[in-house]
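Everything on this sheet refers to the single structure shown next.
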Amino acid sequence: MNDFWNDLVSNPAITEALWPALGETLQMVGLAGLATVLFGLPLGVVLFVTQPGGLAANRTVNVLLGGVLVNITRSIPYAILMVSLIPFTRWIVGTSIGPIAASVSLTIASVPFFARLVETSLREVHPGKVDAAHAMGSTRAQTVTKVLVPEALPSLVASITTTVVALIGYSAMAGLIGGGGLGRLAYNYGYQRFQPEVMLVVLVILVALVQLVQLVGDAVVRRVDHR
Amino acid sequence: MITVTDLKKVYRQPNREIRALDGVTLSVPADSVHGVIGQSGAGKSTLVRAIALLDRPTSGTVEINGVDLTAVRSAPLRKARRRLGLVFQQANLFDSRTIAGNVAYPLELAGLGGAERAAKAQELLGLVGLGDSGAAYPAQLSGGQRQRVGIARALATDPDVLLCDEPTSALDPATTGEILDLIAALKARLGLAVLIITHEMSVVKRICDSVSLLEAGRLVESGPLVEVVGRFGSRLSELLLALPPTPEPDSAAGVTVEVLDAVSAGAVPALATVGRQFGVDLPVLAGTVESLGGVAFHRQRVLVPSALAVDEVLAALRRHGAQAGRTASGAEAAA
Ligand SMILES: Nc1ncnc2c1ncn2[C@@H]1O[C@H](COP(=O)(O)OP(=O)(O)O)[C@@H](O)[C@H]1O
Ligand SMILES: [Mg+2]
């Protein structure tokens, strides 16, 4: 036990590489999370309003975005997606290495996932509220921004939490092909150099990170939920 | 004043057409309440959605103070909508907004400033008896209170017409009475034309000045409440003065007749007078008395014993101002 503890506090992988790795993971998750909400929320709204009988029903747009784009992206395993996106990433950020580059494939993988969650959240808003918004003379844009999204907010926040937790998992994988971060650290030291204490520390930090995200997410949901 | 003319709504389905509204025409003047009553599937929801332009009617017009809502679209329609307040069965409040925020929503759309909105919302909440609840959220209110908020919200843009879709169907009887009284008071105070769609007879009896019966997308009967109730044998009269079913008596015992008598205050019902005249107590199988518009309507199902001549009894009842007829052979209205 003592030996294990000594390994832990003297191992440079932990004393020196751990904090930068955590920083890289947070950067990947933070960037990708932000971009996912930025692109995924509008996409989810469009999926919802263009569905048959929706606020702006449009079969073509709905099938193209939902049936084709979202479903195809979601059916590609992340490991394959991130590798095949390397040329695209290089074109966008100029490099395929580092946490910023990794955020590109992370975002592309999680936008369709989040958009579907958004669509489901909006579907849970009672249609009578949309009727009420219309009867009072709201435009379609006002119905979305002033009624649908605020009414779905608790569920949207919960969806963001779920997405960020999923991103933490994917970011470990992204680390392997140049993203860096905790995943890379665990792989290099824990797996390749067989230092189980590094593996353990990374595991504990990841678990704590997920718990923290879930805790904060749940607290925000309670705050915005007046139902 | 709201005028609905020849409103039709046809739902086209792959193999058939459903005529949910088949030419509805009605008109409600200011400061009055009109009820449209109909069984499930009659087309009530379709009618509300068509009048409120939530679904475009297939044809026909909806005019508020002479302005045809079906003729305008987009921005002019959104503006014209403010002349019509809509009250829903489930209130349909926004859970993310406070009570005051809900009432202020239509004012926000109308472009009022924050302070103005708050003042107007407070005034409206006072009007519906919820002056202290502005900061609460809908989830904290009872069903009746939520409906009050729904009414305040519908009145926010000072509409001329209040369209109520089953406003009390989700409420218990005591709360129903309170909400209906509130609607009646607001109608008088603001001079509203109120159109209430419902399946509850009690709603019609309590506040309607006039009433229509909706059946398979058509208004099959219509008129001032006192008039339709006094129309012997009419569907509305029988629905509003409902009698429980009674078993068909043995033909040897006698014949059943129905009597409808509008008895003014202090007068003696024709049935009592006629019974005395024939020297028998005519057995009442079922009966109801409903006071509507200052008139007590007596409707009874009576057994005329075989010892008496039915036609003479009926003639005597009519002579004393009642309407009467045999039940089996249907209602033969009389002067
Ligand atoms: N969207 C729709 N598509 C097809 N048929 C409909 C639709 N809405 C209503 N109907 C039909 O129209 C008729 C009237 O329905 P509705 O207005 O809901 O009646 P009510 O509210 O009086 O119960 C029913 O036969 C119903 O099946
Ligand atoms: Mg209905």
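The chains referred to below are lettered A, B, ... by the order of the sequence lines, with proteins before strands, and numbering in each begins at 1.
Counting non-hydrogen atoms of other residues, nucleotides and ligands closer than 6.0 Å to CZ of B/Arg19 gives a total of 12 or fewer. For B/Arg83, the CZ atom is densely surrounded, since the number of other residues' heavy atoms within 6.0 Å is greater than 12.
With rounding to the nearest 0.5 angstrom, the CG atom of B/Leu163 is 7.0 Å from the CG atom of B/Asp165. Taken to the nearest 0.5 Å, the CD atom of A/Gln214 stands 10.0 Å off from the CD1 atom of A/Ile168. Taken to the nearest 0.5 Å, the CD atom of B/Gln147 stands 9.0 Å off from the CD atom of B/Gln89. The distance from the CG atom of B/Asp158 to the CZ atom of B/Arg82 is 11.5 Å, given to the nearest 0.5 Å. Here the straight-line distance linking atom CG of B/Leu26 with atom CG of B/Leu219 works out to 6.0 Å at 0.5 Å rounding. From B/Leu21, atom CG reaches atom CG of B/Leu214 across 7.0 Å, with rounding to the nearest 0.5 Å.
Note on A/Arg184 versus A/Glu24: no salt bridge recorded, every NZ/NE/NH1/NH2 to OD/OE distance being 4.0 Å or above.
Residues of residues 64-80 of chain B that come closer than 4.5 Å to chain A, counting heavy atoms only, are B/Arg78, ordered by residue number. Chain B is approached within less than 4.5 Å, heavy atom to heavy atom, by no residue from residues 71-101 of chain A. Heavy-atom neighbours of chain A within the stretch residues 125-142 of chain B, taken at a separation under 4.5 angstrom, comprise B/Tyr137, B/Ala139. Applying a 4.5 Å heavy-atom cutoff, the residues of residues 114-131 of chain A that approach chain B are A/His126, A/Gly128, A/Lys129, A/Asp131.
Results of the side chain to side chain contact (heavy atoms under 4.5 Å, CB included) test with A/Leu65 over A/Asn62, A/Leu69, A/Val68 single out A/Leu69 as the only residue that passes. Partner of B/Lys120 under the side chain to side chain contact (heavy atoms under 4.5 Å, CB included) criterion, out of B/Val103, B/Leu107, B/Thr157: B/Leu107 alone.
In terms of non-hydrogen atom pairs under 4.5 Å with chain B, the most contact-rich of A/Gln142, A/His134, A/Lys146 is A/Lys146. Highest contact tally toward chain A, considering only B/Gln90, B/Arg49, B/Arg81, is held by B/Arg81 [criterion: heavy-atom pairs under 4.5 Å]. The residue among A/Ala132, A/Ala152, A/Pro154, A/Ala133 with the most heavy atom pairs within less than 4.5 Å of chain B is A/Ala132.
In this structure, A/Glu151 contributes its side chain and B/Asp95 its backbone to a donor-acceptor pair below 3.5 Å. A donor-acceptor distance shorter than 3.5 angstrom exists from the side chain of B/Lys44 to the backbone of B/Gly38, with no hydrogens or angles considered. The closest donor-acceptor contact from the side chain of B/Arg97 to the backbone of B/Asn102 lies at 3.5 Å or more, if one exists at all.
If you check the side chains of A/Ser105 and A/Tyr170, you find no donor sitting under 3.5 Å from an acceptor. Counted by atom type alone, B/Ser212 and B/His34 present one or more donor-acceptor pairs between their side chains at under 3.5 Å. Side chains of A/Thr163 and A/Thr36: a donor-acceptor N/O pair is absent below 3.5 angstrom, by distance only. Residues A/Asn58 and A/Thr50 bring no donor and acceptor atom of their side chains to less than 3.5 Å of each other.
Heavy atoms of B/Phe88 lying under 4.5 Å from chain A belong exclusively to its side chain. No part of B/Leu53 comes within reach of chain A, as not one of its non-hydrogen atoms sits under 4.5 angstrom from that chain.
Of all non-hydrogen atoms in B/Lys9 and B/Thr46, the two that sit nearest each other are CG-CG2, 3.6 Å.
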